[in-house]
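Just so you know, ligand 1 is whichever comes first in the structure, and atom 1 is the first atom listed for that ligand. What you see below is based on every heavy atom in this structure, not just the backbone, and it leaves out hydrogens, waters and symmetry mates.
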Amino acid sequence: MDAMTDEIATLRGRYAGGAAYLDGEFMPLAEAKIPVTHWGYRRSDVTYDVVGVRDGRFFRLDDHINRFRNSMTALHMEPPEGDAEIRDILMKLVLMADVRDAYVSMECLRASPAPGALRHPASCRSYLSCSAVPWISVVSPEMEVRGMHLMIPKVKRIPPSSFDPRVKNFHWGDLTEGMFEAKEAGADFAVLTDEAGNVTEGPGFNVFCIVNGRVITPARGGLDGITRLSVFELCEELGLPLEIRDVTVEEFVNADEIFACTTAGGIMPATRIDGRILGNDVPGPISMQLKETFWQKRAEGWHGTEIL
Ligand code: PLP
């Protein structure tokens, strides 16, 4: 065995089912714990990213690491690990967890000020917490078949002027409240609007609507999702007209088709919104074309990075 193969053999399955890297050390996921005094916990002073692994291949790994780096920079965080090291850590975690389909998370959080230091975030070091666990999807098998049932809640998305939603974050107060409003209304998920009545995003996903064959997504107010970026590329490839602009709630709820998209679910067609039934209560044809092309291309290795 050469040195590389030797290392892989040692790593594989070491923490089967859930592996973590916390503050410089690898460990079983169950042992990964953060101090309750850290600002990552006390202030939700965290940024994160999630990359999917299907059939032993990361999807758009470098895009996720780049977005993670941009988020860390925006929050004035600088952990000791560089991008190449983060890439290596994520690879090792998937090998250690020994999963072919994985949900791989990278987080950077702020610790607490050292004793006697000024109680200011600039006095706190930041560190990484990463993990790999078996694949998690936000859509249930039932939702996959019947389509998602969505609703527009009363709660509004945090405005970009207060916190930039392109920085992936744990300030989920608005999204969590939206999930409770959705449950109350008998829907699966909420899609939040901004104060001006434009659609933004939902808890963990971006949204698109389709009107007269045009595929439309909000330009702002949400995360620049990597699955959303993949939809842009698919529209180009399939010759579907794409519009990235403000989308009013009226236009959205009256659209011909709606779909959501995220790492933890792919492209997810919706069949109901605020009780309105779209099409014949079955996922729409353009949404399905995008969904099927997405998974077919992923199976062929599109934007994939093999885990050896
Ligand atoms: N919007 C929010 C708030 C999210 O948390 C996520 C992903 O978790 C998304 C959108 C979708 O982004 P991506 O496609 O990069 O997973």
Side-chain angles (χ1 to χ4, degrees), residues 44 46-54 58-72 74-75 90 101-108 130-133 135-139 148 150 153 155-160 162-179 182 188-194 198-209 215 217-235 242 244 247 252 258-270 287 290-291 294-295 297-298 302-305:
S44 295
V46 180
T47 186
Y48 75 115
D49 220 289
V50 174
V51 54
V53 173
R54 269 292 169 104
F58 279 105
F59 183 58
R60 307 194 81 133
L61 177 59
D62 292 326
D63 291 330
H64 282 278
I65 293 175
N66 287 341
R67 184 173 68 181
F68 183 48
R69 178 61 62 187
N70 291 338
S71 298
M72 291 191 287
L75 297 189
L90 301 181
D101 295 327
Y103 178 99
V104 184
S105 172
M106 56 202 104
E107 285 144 32
C108 184
C130 305
S131 59
V133 294
W135 172 255
I136 300 167
S137 176
V138 297
V139 271
M148 294 167 102
L150 302 175
V155 64
K156 304 291 178 220
R157 188 79 179 100
I158 294 171
S162 296
F163 193 93
D164 185 349
R166 293 169 304 176
V167 175
K168 215 162 146 55
N169 66 83
F170 280 3
H171 301 280
W172 266 51
D174 52 349
L175 299 171
T176 301
E177 177 55 23
M179 288 171 88
D188 301 318
F189 288 104
V191 175
L192 278 68
T193 57
D194 62 16
N198 291 313
V199 169
T200 62
E201 61 183 345
F205 55 81
N206 291 114
V207 289
F208 285 74
C209 63
V215 182
T217 192
R220 55 208 167 93
L223 181 73
D224 284 343
I226 288 179
T227 323
R228 176 175 176 266
L229 173 66
S230 307
V231 172
F232 297 169
E233 293 175 5
L234 292 176
C235 284
L242 172 71
I244 306 164
V247 181
F252 191 73
I258 292 175
F259 65 86
C261 65
T262 180
T263 293
I267 293 172
M268 311 172 297
S287 308
L290 286 163
K291 177 178 173 173
F294 177 79
W295 287 116
K297 286 175 72 73
R298 291 244 348 227
W302 185 46
H303 291 307
T305 301

Can you tell me how far CG of Asn198 sits from OG1 of Thr193, rounded to the nearest 0.5 angstrom?
8.5 Å
Plane angle bin for Phe208 and Phe259 - parallel if under 30°, tilted between 30 and 60°, otherwise perpendicular:
parallel
Indicate the ring-plane relationship of Phe59 and Trp302, choosing parallel, tilted or perpendicular according to the 30° and 60° boundaries.
tilted
Which residue in the set Val50, Leu61, Val133, Val51 passes side chain to side chain contact (heavy atoms under 4.5 Å, CB included) when paired with Val104?
Val51
Please check this pair: side chain of Arg67 against backbone of Asp224, looking for a donor-acceptor N/O pair closer than 3.5 Å.
yes
Is the backbone N or O of Ile158 less than 3.5 Å from a side-chain atom of Asp174, with the two atoms forming a donor-acceptor pair by type?
yes
Polar pairs, ligand 1 vs protein, N/O only, below 3.5 Å.
{"unit_1": "ligand 1", "atom_1": "1 (N)", "unit_2": "Glu201", "atom_2": "OE1", "d": "2.7"}
{"unit_1": "ligand 1", "atom_1": "5 (O)", "unit_2": "Lys168", "atom_2": "NZ", "d": "3.1"}
{"unit_1": "ligand 1", "atom_1": "8 (O)", "unit_2": "Lys168", "atom_2": "NZ", "d": "2.6"}
{"unit_1": "ligand 1", "atom_1": "14 (O)", "unit_2": "Ile226", "atom_2": "N", "d": "3.3"}
{"unit_1": "ligand 1", "atom_1": "14 (O)", "unit_2": "Thr227", "atom_2": "N", "d": "2.9"}
{"unit_1": "ligand 1", "atom_1": "14 (O)", "unit_2": "Thr227", "atom_2": "OG1", "d": "2.5"}
{"unit_1": "ligand 1", "atom_1": "15 (O)", "unit_2": "Arg67", "atom_2": "NH1", "d": "2.9"}
{"unit_1": "ligand 1", "atom_1": "15 (O)", "unit_2": "Arg67", "atom_2": "NH2", "d": "3.0"}
{"unit_1": "ligand 1", "atom_1": "15 (O)", "unit_2": "Ile226", "atom_2": "N", "d": "2.8"}
{"unit_1": "ligand 1", "atom_1": "16 (O)", "unit_2": "Thr263", "atom_2": "N", "d": "2.9"}
{"unit_1": "ligand 1", "atom_1": "16 (O)", "unit_2": "Thr263", "atom_2": "OG1", "d": "2.6"}

